[in-house]
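Below you'll find the structure, written out as structure tokens, and then a few comments.
Note that the structure is a prediction, hence the values are computed from the model and not measured.
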Amino acid sequence: MYTLDFALQILANGIVIGSVYVLVALGLTLIFGILGIVNFAHGEFYMLGAYFGITAAAIYGLSLFPLLLVGILGVVLVGLLSERLVFRPLAGGDMTSSIITSFGLAVALQNAALIAFGPQPKLLRTPWAQIPVEIGPVFMPLQRALIPVIALVLVVAVHVVLRHTWTGRSLRAMAQHGTLAQLYGVDVKRVAVVTFAVGAALAGGAGVLMSSVFLVQPTVGNMIALKAFTVVILGGMGNVYGAVSAGLFLGIAETFVAGYLTNTLRDIVGFALVVVVLLIRPQGLFGRAIDRA
Amino acid sequence: MRAFLIAVAVLAALALLPLAVAGGYLLHVLVVIFIFVILAVGLDLVMGYCGQYSFAQGAFYGIGAYTAAILHRDLGFGFWQTLPSGIVAAGLFGLLLGIPSLRLSGHFLAITTIAFQTIVYLLLTQWTSFTGGQYGLPVPKVGALTLFGWELFRVETVRDFYFLALGCMAAAIGVAWRLAHSRIGRQWQAIQDDELLARAIGVDVTRGKLVAFVASAGLAGAAGVLLAHYLQGVSPDDFAIWTSATVVAMVLAGGRASIVGPILGAVLFTAMPEVLRSAQSYKLVIYGVVMILVVSFLPGGIVGLLRRERRA
Amino acid sequence: MSLLVCEGVTRRFGGLVAVDAVDLAVGEGEIVGLIGPNGSGKSTMVNLVTGVLPPSAGRIRFAGRDVTGMPSWRVARLGIARTFQMLRLFKSMSVRENVALALHPKLDGGLLGSALGLARPAAADRDARARADALLDLFGLAALADRPATALSIGQQRMVELARGMIVEPRLFVLDEPAAGLSPPNVEKLIELIRAMRDRHGITILLVEHVMKVVHALCDRVVVLDYGVKIADDDPDAVARDPRVVEAYIGGARKADDAGAG
Ligand SMILES: Nc1ncnc2c1ncn2[C@@H]1O[C@H](COP(=O)(O)OP(=O)(O)O)[C@@H](O)[C@H]1O
Ligand SMILES: [Mg+2]
């Protein structure tokens with residue numbers, strides 16, 4: 001069992017799961033870093049993406065890429081509504097109000113999903129789920145193998161937007177110094193809208209991708225959101241590239257713990273790391289030291 | 001003084017209530033409210049007075065409940081032993097969680113407490129051999145409460161338990177009130193206002209924060225023991241992060257640092273789902289929306305609103 | 001013997017040496033002035049003496065005890081009170097509460113006593129309130145005792161800070177620019193108050209001040225800092241004539257002008 005092939009297979013599984021953590025955590029860390037909002041309903045964005053994908057597949061029989069588009073657009077709409085109705089009224093309030101309201105939003109969205117989609121677990125099936133891919137000793141269905149590839153494309157897209165567009169520059173300006181950015185004419189409302197749209201799109205996309213691997217239920221977002229938070233902390237809060245490294249790291253660490261130690265500890269790894277990291281290196285494993293004073 | 005008289009009057013009315021109503025359902029809802037009042041008033045000490053955000057009240061609640069279940073299973077403990085054990089166990093974990101509060105503040109602390117809450121929940125669900133996993137563990141009824149061999153009171157029915165829970169809640173409110181209005185309570189407010197200044201006038205901030213965490217967790221532990229005996233069992237889902245978030249919402253919605261506020265918040269958020277029972281499946285949507293509205297539009301909570309009304 | 005002795009005290013912030021090997025002694029019953037241009041390290045020195053910051057090097061002794069690196073709350077309990085250059089009051093509390101709270105650590109009863117509301121702490125609390133009221137009366141703040149502390153004017157808030165320090169009957173009172181923001185009549189009142197603290201209550205005073213009038217009126221001795229280094233330590237008149245001090249102040253004035261223009 002403890003062969004190199006086994007280790008490589010585990011590594012590949014870890015990368016698949018890690019890519020999903022990266023997508024969810026990226027949106028979360030952008031929303032936190034730019035807007036200072038702790039959004040616990042982010043897992044519900046993921047959950048809704050999965051349901052939109054599954055529903056579209058059931059009704060129209062679309063293939064993966066159109067499904068991805070449906071899931072992303074649907075969740076972007078939800079994200080924009082949440083921003084407008086739930087988070088914008090809080091602007092200027094303290095950080096815990098955003099935690100509590102996002103909990104309220106999560107409860108409401110979860111319950112709405114229960115009413116709309118029912119409690120039975122569902123799984124996304126596309127023809128690509130049947131096509132096996134073999135890379136050396138590693139084996140997985142095509143649909144799963146595509147997850148890291150699509151995640152990479154999305155991450156690069158976000159990178160390009162942040163680095164090379166005017167919108168991206170104003171987002172980064174807000175993240176670095178909110179009040180100063182406002183003085184220099186950055187439109188805060190527009191920044192908030194764009195940030196939520198990007199964050200929701202990434203989470204919705206992750207939901208569609210992962211709905212072929214994990215069963216989807218209305219409560220599936222809970223654990224994903226908490227995992228994404230560990231990634232955000234490990235990567236350094238608000239640090240985009242830290243979230244990418246930490247997401248992959250967590251995915252791989254989890255599959256190795258499950259593969260070599262015990263499945264029981266799988267979910268605990270990340271949270272235990274978080275407590276240690278916050279005590280020793282509050283700027284995160286992959287973050288630069290920032291002045292918090 | 002007036003507040004004290006009102007409190008006595010309300011408690012007396014609650015004590016007489018079972019004579020007037022026959023229905024077990026109302027008493028059941030009230031028992032749940034009493035338990036949440038203990039949780040919320042406890043959280044108010046650390047969050048409202050000391051200013052340390054904690055999203056782990058549900059974890060301490062669970063630690064209290066599971067301490068009761070496990071000590072009953074392994075040592076045959078009854079209520080008189082499980083109650084102090086649950087308080088002490090939760091208090092010790094409160095001390096543990098207090099340590100990060102000495103170095104972290106704001107959202108860093110809030111998120112550490114969320115991580116702690118999640119670890120406890122995951123241990124409850126996954127350490128099956130010790131906690132019974134998703135199925136949980138059985139806990140006996142309280143039964144006969146004896147003191148030095150004298151039987152004081154038998155707790156068999158919901159009505160009996162109602163009196164026990166009422167008594168525990170009154171005691172918890174009393175302890176919280178005393179702490180909040182004593183010297184340590186004012187030191188907590190000093191710490192919340194300005195930690196550096198508090199130190200400069202000689203306040204032992206380390207001790208103050210740790211005491212707040214321990215007291216808050218201890219009360220949650222007591223609430224957990226009550227719940228375990230009331231439901232005659234424990235299972236992890238009562239102690240998930242949603243419980244913690246709900247208790248935080250109770251404190252914020254009622255009005256922090258007021259004792260009365262968290263009580264009103266606990267009543268609001270516990271009674272609402274019951275009142276909304278006719279709305280059936282929509283009740284949690286409404287619940288979530290109310291949570292959002294209250295936090296967005298009532299920054300001082302219900303108590304803040306009442307104070308403004310009175311001044312106007 | 002000196003009440004406060006600093007030997008070679010140094011404090012660095014990254015590469016910046018804010019206080020550089022300063023020796024400072026304050027005798028029992030003295031009023032010592034600590035002056036210097038903006039940014040010369042005066043407030044940092046106050047933070048070192050009161051334990052808010054640990055020194056990077058050097059020793060600090062108070063009343064014969066080594067207090068180097070001791071946390072500020074323990075230093076406070078040994079009998080050093082202070083005020084802040086940037087006023088600091090508890091914003092959720094009334095004037096009276098702000099002053100009375102300073103007594104709490106002295107009275108620290110047991111936790112159990114607090115929880116059970118035993119008689120002794122309650123009596124001590126009443127006593128604390130009474131003493132706070134007496135002091136507020138002395139400082140001309142009696143009418144404002146129930147107002148929120150931060151609703152007061154700057155001058156009144158400075159008086160509350162002084163009352164907060166006085167109530168614990170400290171052995172050493174460190175004042176960081178107490179005259180900043182005061183009107184001329186209030187400066188006169190401040191001078192009287194500080195003098196009374198020493199003359200009537202025997203409190204030793206370390207006074208950081210910008211307003212030379214206050215320094216001249218009160219100080220037995222003046223220590224001058226420039227770029228964190230002690231450049232003079234003498235009686236006020238001698239210091240005023242010291243060419244190095246004059247140079248430091250003119251240099252400081254020039255720096256301030258540059259900053260203003262930039
Ligand atoms: N906490 C700190 N971190 C970094 N630099 C500081 C800090 N406190 C003071 N300084 C620096 O130390 C120098 C001395 O400051 P300070 O003691 O406030 O001077 P003064 O009170 O004489 O005006 C200044 O250059 C100031 O910028
Ligand atoms: Mg200064």
Inset, instruction - Answer with side chain, backbone, both or neither: which region of B/Ala198 has an atom nearer than 4.5 Å to a non-hydrogen atom of chain C? - result: both
Legend entry - Neighbour count above 12 (heavy atom, 6.0 Å) for C/Arg198 CZ: yes
Inset, instruction - State the CD-NZ distance between B/Gln189 and C/Lys91, to the nearest 0.5 angstrom. - result: 11.0 Å
Legend entry - chain B interface, residue from C/Ser92, C/Pro71, C/Gly51, C/Ala81 that has the most non-hydrogen pairs under 4.5 Å: C/Ser92
Legend entry - Side chain / backbone / both / neither for C/Arg164 at chain B, heavy atoms under 4.5 Å: side chain
Inset, instruction - Go through the steps to decide whether C/Trp73 and B/Asp204 satisfy the test side-chain contact (heavy atoms from CB on, under 4.5 Å), and finish with yes or no. - result: CA-CA 6 Å; C/Trp73 62 273; B/Asp204 183 349; 3.3 Å; yes
Legend entry - From CG (B/Leu196) to CG (C/Asn47), nearest 0.5 Å: 7.5 Å
Legend entry - Min side-chain heavy-atom separation C/Phe84-B/Asp194 under 4.5 Å: no
Inset, instruction - Can you see which heavy atom on C/Ser72 is nearest to which on B/Ala200, and at what distance? - result: OG-N, 4.1 Å
Inset, instruction - First locate atom CG of B/Leu197, then atom CZ of C/Arg88, and finally report the distance between them rounded to the nearest 0.5 Å. - result: 6.5 Å
Inset, instruction - Mind checking the CD1-CD spacing from B/Ile201 to C/Glu161? Nearest 0.5 Å is all I need. - result: 11.5 Å
Legend entry - Side-chain donor or acceptor of C/Arg77 paired with backbone N/O of B/Gly202 under 3.5 Å: yes
Legend entry - Per-residue contact mode, C/Leu78 against chain B (heavy atom under 4.5 angstrom): neither
Legend entry - Rounded distance (nearest 0.5 Å) linking atom CZ of B/Arg183 with atom CG of C/Leu103: 9.5 Å
Inset, instruction - Starting at CZ of B/Arg186, measure out to CZ of C/Phe90 and round the result to the nearest 0.5 Å. - result: 12.5 Å
